Amino acid sequence: MMKMKENKFPQKIAAPVTQDELLQRCEQLAGKTLGQVAAEMGQIVPENLRRHKGWVGNLLESYLGADAGTQAQPDFIGLGIEMKTMPLNALGQPKESTYVCTVPLKQNGQQVWQDSWIRRKLSHVLWLPVEAAADIPLADRYIGNGWLWKPTVEQERMLKADWEELMDRIVLGEQAEITAREGEYLQIRPKAANSRVLAKGVSASGESELINPKGFYLRTSFTKQLLVTA
DNA sequence: CTATGATCATGA
DNA sequence: TCATGATCATAG
């Protein structure tokens with residue numbers, strides 16, 4: 001009872017087989033509004049994102065044929081490509097930080113950047129800029145030209161430096177004390193249903209302790225640079 | 001619980 | 001005004 005209206009004809013798109021195919025679909029997306037895409041996909045546009053924070057990302061993934069679902073895999077498994085929306089403010093700059101992945105709760109100290117989950121996730125990303133200014137109705141927001149990105153040597157160096165500093169703290173059992181103020185381009189912030197959610201971690205004394213789960217986020221100061229070279 | 005997708009909302 | 005810390009939905 002009182003269940004929200006379900007979408008009557010949600011479309012399911014097959015995953016793109018080649019990178020070119022994916023880019024072609026991006027071109028079809030560029031210049032359309034979220035309302036137009038939602039209509040094509042048989043989806044209802046929510047009034048706002050307050051209770052539908054992942055709606056835009058999920059809508060565009062569906063349109064492009066992302067097939068990873070809720071698996072811990074790149075969105076386009078076969079292509080090894082991760083898709084990220086880039087919400088833009090009225091000035092055309094990133095409005096929010098970009099969530100990448102969760103922070104491992106335990107650390108054996110042997111983890112290296114090259115094999116890290118975050119590096120793999122960021123190794124090949126499809127960025128899709130979308131208008132996100134609060135005064136534009138959700139359905140009227142335009143989607144821009146998406147582009148494929150691989151970190152440059154310099155960009156990866158910056159991310160690796162932040163990651164190593166943060167991971168050092170985690171190895172020392174200080175994850176619970178890490179704040180979003182650390183990390184120049186890569187930061188760690190809470191990532192959970194709420195602040196009361198607890199998970200098993202390791203304290204500074206090496207004992208098991210319950211901490212609020214956290215995630216890695218790219219600061220807008222970093223994603224803003226990606227727009228320049230896009 | 002963890003994973004996916006993120007944006008909200010308040011203090012400084 | 002804006003970044004930090006908090007939060008929302010859903011699948012498995």
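Computed from a predicted structure; not experimentally measured. Atoms considered below: every heavy atom in the structure, side chains included; atoms not considered: hydrogens, waters and symmetry mates. Every chain is numbered from 1 and lettered A, B, ... according to where its sequence line falls, protein lines coming before strand lines.
- Listed by first and then second residue, the ring pair (Phe, Tyr, Trp, His ring centres under 6.0 Å) pairs involving residues 84-124 of chain A are A:Y99-A:Y217, A:W113-A:W163 (not counting sequence neighbours).
- Annotation: of the two residues near DNA chain B, A:E96 and A:G54, the 5′-most nearest-nucleotide partner is A:G54.
- Using a 4.0 Å cut-off, no side-chain N or O of A:R50 falls inside it from OP1 or OP2 of C:dA9.
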Just do the salt bridge (charged side-chain N to carboxylate O under 4.0 Å, His left out) check on A:R141 and A:E131 with the steps written out, would you? CA-CA 5 Å; A:R141 298 180 185 178; A:E131 285 186 322; over 6 Å; no
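- Following chains of ILVMFWY side-chain contacts shorter than 4.5 Å, one cannot reach A:L227 starting from A:L148, and the two form parts of different hydrophobic clusters.
- The residue among A:K95 and A:N212 whose nearest nucleotide of DNA chain C lies closer to the 5′ end is A:K95.
- A heavy atom closer than 4.0 Å to some atom of DNA chain B occurs in no member of residues 130-139 of chain A.
- Considering CD of A:E82 and CH2 of A:W149, their distance stands at 11.0 Å, rounded to 0.5 Å.
- For the contact set between residues 110-124 of chain A and DNA chain B, defined by any heavy atom under 4.0 Å, the members are A:W117, A:K121.
- With A:L126 as reference, A:M83 is the one residue of A:E61, A:Q19, A:M83 to meet the side chain to side chain contact (heavy atoms under 4.5 Å, CB included) rule.
- Using modelled atom types and a 3.5 Å distance limit, the side chains of A:S205 and A:E207 yield a donor-acceptor pair.
- Contacts between residues 184-207 of chain A and DNA chain B, defined by a heavy-atom separation below 4.0 Å, involve A:R189, A:K191, A:V197, A:L198, A:A199, listed by number.
- Around CD of A:E47, the count of heavy atoms belonging to other residues, nucleotides or ligands within 6.0 Å does not exceed 12.
- Near DNA chain B, meaning a heavy atom under 4.0 Å from it, residues 69-90 of chain A has A:G69, A:T70, A:Q71, A:A72, A:D75, A:E82, A:M83, A:K84, A:T85, A:P87 in order of number.
- Using a 4.0 Å cutoff to heavy atoms of chain A, the contacted part of DNA chain B runs 5' to 3' from B:dC1 to B:dA9.
- To the nearest angstrom, C1' of C:dA11 lies 14 Å from CD of A:E61.
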